[in-house]
Amino acid sequence: MSLATLIPRPKKVTETKEQAFLVAPDENVAVVGFEDTDPRAQEALVRKALSALNSEGEFSDVARVQLALDADAAAENPEAYKLNVGKDSVTVTATAPKGLHRGLETLRQLVAQDEAGTSAVPAVIIEDEPRFGWRGLSMDVTRNFFPVSEIKALIDTLSLYHMNTLHLHLSDDQGWRLEVPSLPELTEVSGKTAGEGNRSGFYSTKDFQEIVGYAADQGIDVIVEFDTPGHTNAATHALPQLMPSGEPTPAYAGAKVGFSKLYPDVPFTKEFLTTIFESAAQQSSSPYVHVGGDEAYEQPKEEYVELIAQATKAVTDSGKTPVVWQEAATADLPEGTVVQWWRTVEDPAHVVAAAQTGKKVLMSPAPHTYFDMKYDADTGPGQDWAGFIPLQASYDWDPATQVEGVDEGSLVGVEAAMWTEFVPSFEDLMYLLLPRIPATAEVGWSEQETRDFQDFSERIAAHPRYWDAAGQAWHASPEVNWED
Ligand code: TNX
């Protein structure tokens with residue numbers, strides 16, 4: 001489109017006086033400095049470059065468009081990139097493939113097509129890097145199940161806006177969605193259950209590798225969350241050996257939270273936690289595993305603390321770093337654990353204390369990032385317990401000023417969240433995410449001083465062309481003067 005409509009807003013843009021780069025219909029792409037890089041990563045990047053340019057070309061040893069990995073490039077941030085467009089060349093440079101992914105999405109957003117179908121890129125030098133290293137979406141595939149094809153479409157949208165993390169909420173009271181090979185009952189039994197009126201199903205380990213691979217090809221990490229020790233009815237339904245009585249709990253399709261629990265005195269419980277989190281660590285591409293920890297209202301405090309300790313230990317023993325919902329900041333957490341803030345009405349004392357003792361904080365304040373909340377009283381799917389979230393509310397907030405005592409240095413980044421009790425279809429899902437996901441993406445990427453809602457709303461007005469091209473639903477927020 002143009003320099004005036006980029007989202008997220010880049011750090012530094014220098015317009016040169018040169019003519020635009022006119023993309024040939026079969027423009028080729030070359031790579032430099034890829035000797036130590038996995039060939040699949042190279043292939044994915046070349047494919048992305050060709051698609052960004054609408055080119056029918058191919059990989060070539062010599063080409064006007066070049067992707068360069070340069071370990072010595074100025075920036076240390078693996079997602080930093082430099083995009084240099086001149087009349088005769090386009091070069092994207094980064095220290096790591098993830099930086100090239102970000103640079104190529106910026107390039108995609110710069111390509112403009114004229115009526116004759118000729119694509120052009122304005123001459124410019126963009127030097128860019130993110131404010132936060134973690135910009136994600138937490139996606140509940142449990143209350144409602146979304147098949148691999150829909151998750152892939154979602155990943156494309158995250159990628160367009162430089163998001164780098166897809167956190168999948170894979171177990172809850174209503175279902176179990178990821179195969180754990182040594183506990184097949186979890187998905188054999190609880191893969192068949194779901195929230196009322198919603199879809200059931202599960203990802204086999206093979207399906208899941210397909211998701212992880214597709215995301216990796218876009219420079220996006222996938223985090224597994226198995227929610228414990230509350231939100232565990234699907235587990236106790238499938239595995240009666242988790243119950244003191246040895247009797248399974250009934251399947252649950254409602255939308256209540258906080259009634260399920262685990263039993264630390266039942267011998268199988270520890271084995272269960274170890275097994276599922278080892279499997280989560282093995283199957284995911286992220287250095288993190290999310291153990292849940294929210295809303296365990298029926299779990300007595302001492303039991304809760306013990307179970308969180310077992311769960312987080314299973315993660316660290318598997319070589320990964322635990323992530324927990326904020327409630328678990330009341331437990332003793334391993335060094336480096338990431339605490340995810342969501343419940344803004346709660347006293348943050350434990351989260352502040354955790355930050356002061358070296359834990360990290362991931363910001364998902366519900367009134368700004370819970371996109372299962374409706375836009376306003378008149379819009380369709382979703383709920384409203386955290387209030388309505390019009391586009392401006394998803395944009396106008398600073399992660400560093402959400403919790404007094406948790407400042408920029410303690411933050412790993414931001415995540416939007418999508419809970420799906422009341423999100424019946426993929427169409428509803430995208431309607432709730434667009435245009436709010438680009439807002440979260442900019443909150444996480446662009447420096448606070450450079451952000452302005454009015455300016456954002458003018459840029460986003462041009463973006464429905466991408467969503468329409470992908471056949472995705474979106475909400476025409478009345479705060480935006482949408483382009484026709
Ligand atoms: C709270 S957010 C939950 C979820 C619900 C969501 C509905 C969090 C950690 N727990 O179990 O689905 O509210 O908005």
Engineer: Any ion pair linking R199 and E150 (charged N to carboxylate O, less than 4.0 Å)?
Structural biologist: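 A salt bridge is present here (some side-chain N lies under 4.0 Å from a carboxylate O).
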
Engineer: For the residue pair H290 and W325, does the interplanar ring angle fall in the parallel (under 30°), tilted (30 to 60°) or perpendicular (over 60°) class?
Structural biologist: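 Because their plane-to-plane angle lies in the 30° to 60° range, the rings of H290 and W325 count as tilted.
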
Engineer: Start with the C-alpha distance between K152 and E210, add both sets of side-chain angles, then the distance that settles salt bridge (charged side-chain N to carboxylate O under 4.0 Å, His left out), and finish with yes or no.
Structural biologist: CA-CA 9 Å; K152 287 183 177 175; E210 196 176 329; 2.7 Å; yes

Engineer: In a check of side-chain hydrogen bond (donor to acceptor under 3.5 Å, both in side chains) between S364 and each of Q402, H167, E415, Q340, which one passes?
Structural biologist: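 Result for side-chain hydrogen bond (donor to acceptor under 3.5 Å, both in side chains) with S364: Q340.
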
Engineer: Please name the residue in the list V266, L186, T236 that meets the side chain to side chain contact (heavy atoms under 4.5 Å, CB included) test with F272.
Structural biologist: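 With F272 as partner, V266, L186, T236 yield a single side chain to side chain contact (heavy atoms under 4.5 Å, CB included), made by L186.
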
Engineer: Which value, rounded to the nearest 0.5 Å, describes the distance between F268 atom CZ and L183 atom CG?
Structural biologist: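 F268 CZ to L183 CG: 5.0 Å, rounded to 0.5 Å.
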
Engineer: Between R131 and D398, does any side-chain N to carboxylate O distance fall below 4.0 Å?
Structural biologist: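 Yes, this pair counts.
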
Engineer: Is the number of heavy atoms from other residues, nucleotides or ligands within 6.0 Å of CD (E196) greater than 12?
Structural biologist: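 Open: at most 12 neighbouring heavy atoms sit under 6.0 Å from CD of E196.
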
Engineer: Assess whether a salt bridge exists between E447 and R9, defined as any Lys/Arg side-chain N lying under 4.0 Å from an Asp/Glu carboxylate O.
Structural biologist: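 Looking at E447 and R9, the cut-off is not met.
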
Engineer: Where the side chain of K11 meets the backbone of P130, is there a donor-acceptor pair that is under 3.5 Å apart?
Structural biologist: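 Checking the backbone N and O of P130 against the side chain of K11, no donor-acceptor pair under 3.5 Å is found.
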
Engineer: Could you walk me through whether F277 and F226 pass the side-chain contact (heavy atoms from CB on, under 4.5 Å) test, one step at a time?
Structural biologist: CA-CA 8 Å; F277 290 121; F226 289 139; 3.7 Å; yes

Engineer: CZ of F371 to NE2 of H475: how many Å apart, nearest 0.5 Å?
Structural biologist: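 Output value for this atom pair is 12.5 Å.
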
Engineer: When Y375 is tested against each of F388, Y431, W474 for ring pair (Phe, Tyr, Trp, His ring centres under 6.0 Å), which residue passes?
Structural biologist: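 Among F388, Y431, W474, the one that satisfies the ring pair (Phe, Tyr, Trp, His ring centres under 6.0 Å) with Y375 is Y431.
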
Engineer: Checking E327 against W342: is there a side-chain donor and acceptor pair closer than 3.5 Å?
Structural biologist: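 Per modelled atom types, W342 and E327 side chains form a pair under 3.5 Å.
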
Engineer: Less than 4.5 Å apart, side chain to side chain, heavy atoms only: is that true for T275 and V180?
Structural biologist: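 Of all side-chain heavy-atom pairs linking V180 with T275, at least one is under 4.5 Å.
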
Engineer: Would you kindly say whether Q283 and S279 are connected by a side-chain donor-acceptor distance under 3.5 Å?
Structural biologist: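 Yes, S279 and Q283 have a side-chain donor paired with an acceptor closer than 3.5 Å.
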
Engineer: Apply side-chain contact (heavy atoms from CB on, under 4.5 Å) to F456 and I7, showing your working.
Structural biologist: CA-CA 8 Å; F456 174 79; I7 294 178; 3.7 Å; yes

Engineer: Could you tell me which residues satisfy side chain to side chain donor-acceptor pair (under 3.5 Å) with S410, sequence neighbours excluded, listed by chain and number?
Structural biologist: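 In terms of side chain to side chain donor-acceptor pair (under 3.5 Å), with neighbours along the sequence ignored, S410 is linked to no residue.
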
Engineer: Holding to side chain to side chain donor-acceptor pair (under 3.5 Å), I want the full list of residues that pass it with Q218, two or more places apart in sequence or in another chain.
Structural biologist: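 Applying side chain to side chain donor-acceptor pair (under 3.5 Å) to Q218 gives K48, D156, S159.
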
Engineer: Using modelled atom types only, decide if a donor and an acceptor are shared between the side chain of K320 and the backbone of S284 within a distance under 3.5 Å.
Structural biologist: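 Yes: the side chain of K320 pairs with the backbone of S284.
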
Engineer: Whether the Q326 and R343 side chains hold a donor-acceptor pair (N or O, under 3.5 Å, no angle test) is what I'd like checked.
Structural biologist: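 Checked: Q326/R343 side chains show no N/O donor-acceptor pair below 3.5 Å.
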
Engineer: Determine, for R143 against E421, whether the closest basic-nitrogen to carboxylate-oxygen distance falls under 4.0 angstrom.
Structural biologist: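 Salt bridge: yes.
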
Engineer: Start with the C-alpha distance between F145 and Y203, add both sets of side-chain angles, then the distance that settles ring pair (Phe, Tyr, Trp, His ring centres under 6.0 Å), and finish with yes or no.
Structural biologist: CA-CA 10 Å; F145 181 66; Y203 308 119; 4.8 Å; yes

Engineer: Using only atom types and a distance under 3.5 Å, with no angle test, would you say the side chain of Y214 pairs donor to acceptor with the backbone of A153?
Structural biologist: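 No, the answer is negative, given that no donor and acceptor are paired below the 3.5 Å cut-off.
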
Engineer: State the CD1-CG distance between I151 and D207, to the nearest 0.5 angstrom.
Structural biologist: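 Reported to 0.5 Å precision, the distance equals 11.0 Å.
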
Engineer: Do E105 and R108 sit within salt-bridge range, that is, some charged N less than 4.0 Å from a carboxylate O?
Structural biologist: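 Yes.
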
Engineer: What I'd like to find out is whether the side chain of V361 reaches to under 4.5 Å of the side chain of V351, using heavy atoms alone.
Structural biologist: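 A side-chain contact under 4.5 Å exists here.
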
Engineer: How about Q448: does its CD atom have over 12 heavy atoms from other parts shown lying under 6.0 Å from it?
Structural biologist: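 Counting other residues, nucleotides and ligands, CD of Q448 exceeds 12 neighbours.
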
Engineer: Using side-chain heavy atoms (C-beta onward) and a distance below 4.5 Å, is W397 in contact with P367?
Structural biologist: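 W397 vs P367: side chains apart.
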
Engineer: Before accepting this row, confirm whether a basic side-chain N of the pair E79/R135 lies closer than 4.0 Å to the acidic partner's carboxylate O.
Structural biologist: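 Looking at R135 together with E79, the answer is yes, because their closest N to O distance falls below 4.0 Å.
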
Engineer: Within this structure, what is the CG-CG distance for the pair L154 and L429, rounded to the nearest 0.5 Å?
Structural biologist: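 Taking CG in L154 and CG in L429, the distance rounds to 6.0 Å.
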
Engineer: Can you name the closest pair of heavy atoms from P424 and N198 and give their distance?
Structural biologist: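 Of all heavy-atom pairs spanning P424 and N198, the closest is CA-OD1, 3.8 Å.
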
Engineer: How about Y81 and D128: does a side-chain donor come under 3.5 Å of a side-chain acceptor?
Structural biologist: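 Yes, D128 and Y81 have a side-chain donor paired with an acceptor closer than 3.5 Å.
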
Engineer: Got V403 and V352 here, is their nearest side-chain heavy-atom distance under 4.5 Å?
Structural biologist: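 Yes, close enough: below the 4.5 Å cut-off.
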
Engineer: Could you report the tightest heavy-atom contact between G336 and T321, atom names first, then the distance?
Structural biologist: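 Minimum heavy-atom contact is O-CG2, 3.3 Å.
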
Engineer: Check whether S286 reaches the backbone of V222 with its side chain - one donor and one acceptor, N or O, closer than 3.5 Å.
Structural biologist: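 Checked: no pair found.
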
Engineer: Kindly say whether L333 contributes a backbone atom to a donor-acceptor pair with the side chain of T312 at under 3.5 angstrom?
Structural biologist: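 No, T312 side chain to L333 backbone: no donor-acceptor pair under 3.5 Å.
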
Engineer: Got L45 and P97 here, is their nearest side-chain heavy-atom distance under 4.5 Å?
Structural biologist: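 Heavy-atom side-chain distance check passes, below 4.5 Å.
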
Engineer: Between D221 and T165, does any side-chain donor sit less than 3.5 Å from a side-chain acceptor?
Structural biologist: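 There is no such pair between these side chains.
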
Engineer: Is any side-chain heavy atom of L158 closer than 4.5 Å to a side-chain heavy atom of I220?
Structural biologist: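 SC-SC contact between L158 and I220 confirmed.
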
Engineer: Which value, rounded to the nearest 0.5 Å, describes the distance between L69 atom CG and T93 atom OG1?
Structural biologist: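 It is 9.0 Å, given to the nearest 0.5 Å.
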
Engineer: For residues Q454 and E458, is any side-chain donor paired with an opposing acceptor at under 3.5 Å?
Structural biologist: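 Result is yes, a qualifying pair exists.
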
Engineer: So, applying salt bridge (charged side-chain N to carboxylate O under 4.0 Å, His left out) with E442, which one of R436, R451, R459 is it?
Structural biologist: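 Among R436, R451, R459, the one that satisfies the salt bridge (charged side-chain N to carboxylate O under 4.0 Å, His left out) with E442 is R459.
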
Engineer: Show me, pair by pair, the donor-acceptor contacts under 3.5 angstrom made by side chains of residues 253-261, not counting sequence neighbours?
Structural biologist:
unit_1 : atom_1 : unit_2 : atom_2 : d
S260   : OG     : D173   : OD1    : 2.5
S260   : OG     : H231   : N      : 3.0
S260   : OG     : T232   : N      : 2.9

Engineer: Starting at OG1 of T5, measure out to CD of Q109 and round the result to the nearest 0.5 Å.
Structural biologist: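 Those atoms lie 7.0 Å apart.
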
Engineer: Which label fits W445 and H162: parallel for a plane angle under 30°, tilted from 30 to 60°, or perpendicular past 60°?
Structural biologist: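 The rings of W445 and H162 sit tilted, inter-plane angle from 30° to 60°.
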
Engineer: Using modelled atom types only, decide if a donor and an acceptor are shared between the side chain of H237 and the backbone of T249 within a distance under 3.5 Å.
Structural biologist: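 A pair under 3.5 Å: yes.
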
Engineer: Is there a donor-acceptor pair under 3.5 Å between the side chain of N144 and the backbone N or O of V423?
Structural biologist: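 Present.
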
Engineer: I'd like to check F146 versus F426 (side-chain heavy atoms, cut-off strictly below 4.5 Å). Are they in contact?
Structural biologist: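 F146 vs F426: side chains touch.
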
Engineer: Is the closest side-chain heavy-atom distance between L6 and I126 below 4.5 Å?
Structural biologist: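 In contact.
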
Engineer: Before giving the answer on side chain to side chain donor-acceptor pair (under 3.5 Å), spell out for T193 and Q174 the whole-Å C-alpha distance, their side-chain angles and the decisive distance to 0.1 Å.
Structural biologist: CA-CA 6 Å; T193 60; Q174 295 83 350; over 6 Å; no

Engineer: Over all heavy atoms of both residues, which pair between L3 and V124 is shortest? Give the atoms and the distance, please.
Structural biologist: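 Heavy atoms of L3 and V124 come nearest at CD2-CG2, 3.7 Å.
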
